[in-house]
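For reference, the structure discussed in these notes is given below.
So that the names make sense, note that chain A is the first sequence line, chain B the second, and so on, each numbered from 1.
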Protein chains: 2
Amino acid sequence: MLHVTLRQLQVFEAVARHLSFSRAAEELHLTQPAVSMQIKQLEESVGLPLFEQIGKKIFLTDAGKELYHYSRSIAMQLAEAEAVLEEMKGLKRGKLNISVVSTANYFAPQLLALFCQRNQNITLSLNVINREVLINQLANNEMDLGVMGLPPDGLDIDAEPFMENPLVVIASPSHPLALEKNIPLPRLAQETFIVREPGSGTRSAMERFFAQHNLILSTGMEMSTDEAIKQAVQAGMGLGIVSMLTIALELETKRLVVLDVDSFPIRRHWYVVHRKGKRLSVVAQAFKEFLLQEAAQVMQTVKA
Amino acid sequence: MLHVTLRQLQVFEAVARHLSFSRAAEELHLTQPAVSMQIKQLEESVGLPLFEQIGKKIFLTDAGKELYHYSRSIAMQLAEAEAVLEEMKGLKRGKLNISVVSTANYFAPQLLALFCQRNQNITLSLNVINREVLINQLANNEMDLGVMGLPPDGLDIDAEPFMENPLVVIASPSHPLALEKNIPLPRLAQETFIVREPGSGTRSAMERFFAQHNLILSTGMEMSTDEAIKQAVQAGMGLGIVSMLTIALELETKRLVVLDVDSFPIRRHWYVVHRKGKRLSVVAQAFKEFLLQEAAQVMQTVKA
DNA sequence: AGTTACCAATAAGAATTTCTTATGTTGTTT
DNA sequence: AAACAACATAAGAAATTCTTATTGGTAACT
């Protein structure tokens, strides 16, 4: 490999531009011998003379002309790199890789949209995956930030709650319990529940809740999305437990109702998570703070 | 300006590629701490972290990914520059700027063509100009090599003869002297000569020759090209003095004849010239040697 | 848990590179 | 011939880039 230094190329570029060692030295705030030496070394490692002196003036040799071309090109690249990195420091630009758990799909896009609107030039990629995959990504550092309902225990995770995530029992409006008030919790044991697949956050939260209250719930069908559960509940196939945030539309259009069960809603939160010790990029840090400080309020506004 | 070194970028590129400081150190035949330091300095001058360590593995940050892109690009440029310069060293490639005096136009192209044929990848530019302009270019280092009939005295010129350049007297076949033998030189004083413009090499050689032999020649028309002189002589407007090389075609087709005058032909030579002290490029050097060693022979062959 | 292995960070000093000052050489100008 | 302008050269100072030796932290294996 050619043993040229960037310094040599910079000096060379200046000399070639001025066609003068002394002028170049001035421009670079160097002494003239320093320039001479750099050029000499450069010529040495290139193996060809780059300048020729005819009388008082100096000229570029053919080799010099070629190298001048490349020097300028490299200088351009560097300047561009500098500009890009400088922008990244100022949050003006950056990439943000976010993974959210399926359920968050009902509100995350709105938050992301708002954040992007405020901070132009940010390239954002949103990954909607289930809880298990997200935990995997977290372990392998394949994303900047994650949003999930309940951070896992084992791993070293930095998780902070930023918004409420009430789980409620939903039913078709025609369900016998639809109009009742203060339904006692044990009453649910008689009902069939349509649940998410094992590994889902909602599913495990639900199981833990029933276990805590010494209830055995009869699970009917398993569905892999909240959307499917809502459909099944609407069709009268049983009750469901979902995040309040996912059913705004169905409540409004009276396709579903929330049952008034004792001890409900289950009070949970949405967490923004990243692996402990991960150095967040400026953009990621900004988005995290945006979530912590404004997400709850923003979602309220949207709902109203 | 960013104070990055090429070394830093090289080291960074290796680390980014291997995602390991130790592997990069091996590849570069360095110790691991050396790599650590280079990266640290690079991060310092960039102002952003380039890697992040999660557990045992390291990953590129966004800034790192950007810089990686530019590092590779710069490395490519350098490799390309190296290849080009390496080729130039080996004569495989190069540029050659040659200026020839107008008269040389009759043979120079053939020589150049042969040289180019032998050495592919050489970019050649041939400049046909008159003697005065050529001397100017010589002084200003605006060309690699020149070909002229008589090198100027004043300047520091390195001139070497490489081929004969006999000047002969030409006439129309219908001219009274056309068939005479051993025409005495003074006889020419009665004839009218069609000559090149002042400043032309042929013109001054001619004037010097007549002055040496104490003859006053009567010049009729002045023409700025040898081609025009030949036309005029054919038309019977007088005699001409031109280089033998320029009239091969006309002799063959009997449009012109060479007069058998005493002391003729004027024995001159073609010279390859460059400013003294000029560092000839490898290509230029090669062409010069080609002229010195083969030109005469090649032109013989072509004529025959 | 304790041990081992691996990887990167840090510290100190050696080797190398890159500067500056001082001076020499060459070609141009007066 | 002398003065000037421009690059080359030499020697030593300053800065950098290495190496060796050591520390700290994480993961894997008894």
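- If you measure from atom CD of Glu52(A) to atom C1' of dA8(D), you get 17 Å, rounded to the nearest angstrom.
- The distance between atom CG of Leu28(A) and atom P of dT20(C), rounded to the nearest whole Å, is 10 Å.
- With sequence neighbours excluded, the residues forming a side chain to side chain donor-acceptor pair (under 3.5 Å) with Ser99(B) are Gln137(B), listed by chain and number.
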I'd like a list of close polar pairs between nucleotides 12-18 of chain C and the protein, N/O only, cut-off under 3.5 Å.
residue	atom	partner	partner atom	Å
dT18(C)	OP2	Gln41(A)	OE1	2.9

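- Summarising the geometry of Ile58(A) relative to Ser20(A), their closest heavy-atom pair is CD1-N, 3.7 Å, with the distance given to 0.1 Å.
- Every salt bridge (Lys or Arg N to Asp or Glu O under 4.0 Å) that Arg196(A) has, sequence neighbours left out, goes to Asp226(A).
- For residues 21-45 of chain B, the pairs satisfying ring pair (Phe, Tyr, Trp, His ring centres under 6.0 Å) are Phe21(B)-Phe51(B), with sequence neighbours left out.
- Looking at residues two or more places apart in sequence or on another chain, you find a salt bridge (Lys or Arg N to Asp or Glu O under 4.0 Å) between Glu207(A) and Arg203(A).
- Partners of Asn130(A) by side-chain contact (heavy atoms from CB on, under 4.5 Å), not counting sequence neighbours, listed by chain and number: Ser102(A), Glu132(A), Val133(A), Glu197(A).
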Polar atoms only, N or O, under 3.5 Å: list the protein pairs with nucleotides 25-28 of chain D and their distances.
none

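- Taking Arg17(B) as the reference, Glu13(B), Glu27(B) meet the salt bridge (Lys or Arg N to Asp or Glu O under 4.0 Å) condition, with sequence neighbours excluded.
- Put simply, CD on Glu44(B) is 14 Å from P on dA9(C), counting in whole angstrom units.
- Atom CG in Leu30(B) sits about 14 Å away from atom P in dA8(C), given to the nearest Å.
- OP1 or OP2 of dA8(D) lies within a sub-4.0 Å distance of a side-chain N or O belonging to Ser36(A).
- Considering only heavy atoms from C-beta on, Leu50(B) stays 4.5 Å or farther from Tyr68(B) through its side chain.
- Heavy atoms of Lys40(B) sit under 4.0 angstrom from primed sugar atoms or phosphate atoms, though from no base atom.
- Take Lys65(B) and apply the side-chain contact (heavy atoms from CB on, under 4.5 Å) test, not counting sequence neighbours, and it matches Leu60(B), Asp62(B).
- Atoms CD (Gln32(B)) and C1' (dA9(C)) sit 7 Å apart, rounded to a whole Å.
- By the salt bridge (Lys or Arg N to Asp or Glu O under 4.0 Å) test, Glu44(B) pairs with no residue at all, sequence neighbours left out.
- Among residues two or more places apart in sequence or in another chain, the side-chain contact (heavy atoms from CB on, under 4.5 Å) test is passed with Met37(A) by none.
- Phosphate contact (OP1/OP2 of dC19(C), side-chain N/O of Thr31(A), threshold under 4.0 Å): absent.
- Contacts between residues 12-26 of chain B and DNA chain D, counted as heavy-atom distances below 4.0 Å, involve no residue at all.
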